[in-house]
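Numbers for residues simply follow the sequence, beginning at 1. Note that this is a predicted model, so its numbers are computed, not measured.
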Amino acid sequence: MLVSLTVGKVDAGVTVLLTPDKRLIEFPSILLPPDISSGSIVDITVGRNKASESAAERAFRALQDQIFAAFGSAEPSTPVLRCRNATQTSVVLEWDPVQLATADLISLALFRNGQKAGNIPRPLAMHSTKISGLAVDTEYSFHLVLRTTAGTLASDRVTVRTHKMTDLSGVTITTGILPPAVREGLARAVARIGAKLVDGVRIDTTHFVTTEGRGVQWEKAVEMNIPVVRPEWVDACESNGRILGVTRFYLDALRPGPGEDGALPVQPAAQQKELPETPAVQNGDSHGGEAATGAATQRKEEGGDDNESDTSEDEQEDKVRSGGQDEQKVRAEERDQQKMALRPGQSSPQQATVEDDDDDDDEDDDEDASQEKGGKSPGDGSSFQDVKL
């Protein structure tokens, strides 16, 4: 079809063409002859290219098939769950690697008895999990639910029954550093009780048996919170015919001696030092305070470094010293009053006076001696010959 158009405004990029019915058409200037100007008339032939249309259609369908083959042919696979090991209180589950095809992962959840137990961390890297804290000899069902951008897929249910206390087939042992003879005896004991020996610490390892706490495997067992026990634990389980607790068989546990029940020895209580008896103060002993002081000094020397005993002894010394001095004063006053009462020429003991002169004390002693013998004192007017000896 031929169309005649009048050139209107000519620019470097776009030229305005006018149709016979006065319509404006913007046309690329590069497609027009170079010598045109405003007012020129150009003829444009318009036709359909069916060959080009067919070629473009074929190219588009080929691209669609390529996209479908790359992104639409594969779908996420359903998880396959199975039981790897079971014990009295735990179950180890494992599954095949998750196949997502071209979909994106949303979550991978584990269900126990129809209830969600939790999401699996790092599901693309982890292919097993351990569930602890289960009841003994109890049946459980587990299944996985995979959620992706291409849909949700659930695995088949796996039914697992935990073992009885007398069933030791679920015990999986990894050995550490052991003497050759002990290792051979351990292997025979493990075979007799129906347990398993594995190389290296794994997720299904239930016990790590060794006699020395060192090595790469020991460090891995400690990191995974696997009980590290001595070989005696296997012998004890075999002797009792059932699985036993590991508290008494930990590698760093205190081993009971012969004839002991495994209890820790009780340290005897520290004995307190007995205080010596306070020496009695005799009547008329003017050196009672000095004796008490000497005894206190001796007790202090014998007390050693015991601060509490020294403090108690010091208090006892003060009490003894003060008590002895008070008692001496009281007895001296009573004695002086008795002497004054026996002196002639005085009406009552209240009128007597006590002197501190040493000569008067000697005179009083002489007067007391004479009174005890029934005679008169030289001071009452009698002669010396009249005194009865």
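Atom CG of D156 has 12 or fewer neighbouring heavy atoms from other residues, nucleotides or ligands inside a 6.0 Å radius.
A donor-acceptor pair under 3.5 Å is formed between the side chain of S155 and the backbone N or O of L144. Between the side chain of K164 and the backbone N or O of V136 there is no donor-acceptor pair closer than 3.5 Å. A donor-acceptor pair under 3.5 Å is formed between the side chain of N113 and the backbone N or O of S141.
With sequence neighbours left out, the salt bridge (Lys or Arg N to Asp or Glu O under 4.0 Å) criterion links D65 to no other residue. Partners of E223 by side-chain contact (heavy atoms from CB on, under 4.5 Å), not counting sequence neighbours: none found. Take E53 and apply the side chain to side chain donor-acceptor pair (under 3.5 Å) test, not counting sequence neighbours, and it matches R48. Taking E212 as the reference, R214 meet the salt bridge (Lys or Arg N to Asp or Glu O under 4.0 Å) condition, with sequence neighbours excluded.
Sorted by first then second residue, the side-chain hydrogen bond (donor to acceptor under 3.5 Å, both in side chains) pairs that include residues 176-189, not counting sequence neighbours, are T175-R183.
For the pair V92/T172, no side-chain contact is recorded, criterion being any heavy-atom separation below 4.5 Å from C-beta on. L81 is listed as a side-chain neighbour of L93, based on a closest heavy-atom distance under 4.5 Å.
Through chains of ILVMFWY side-chain contacts below 4.5 Å, L24 is grouped with V16, L18.
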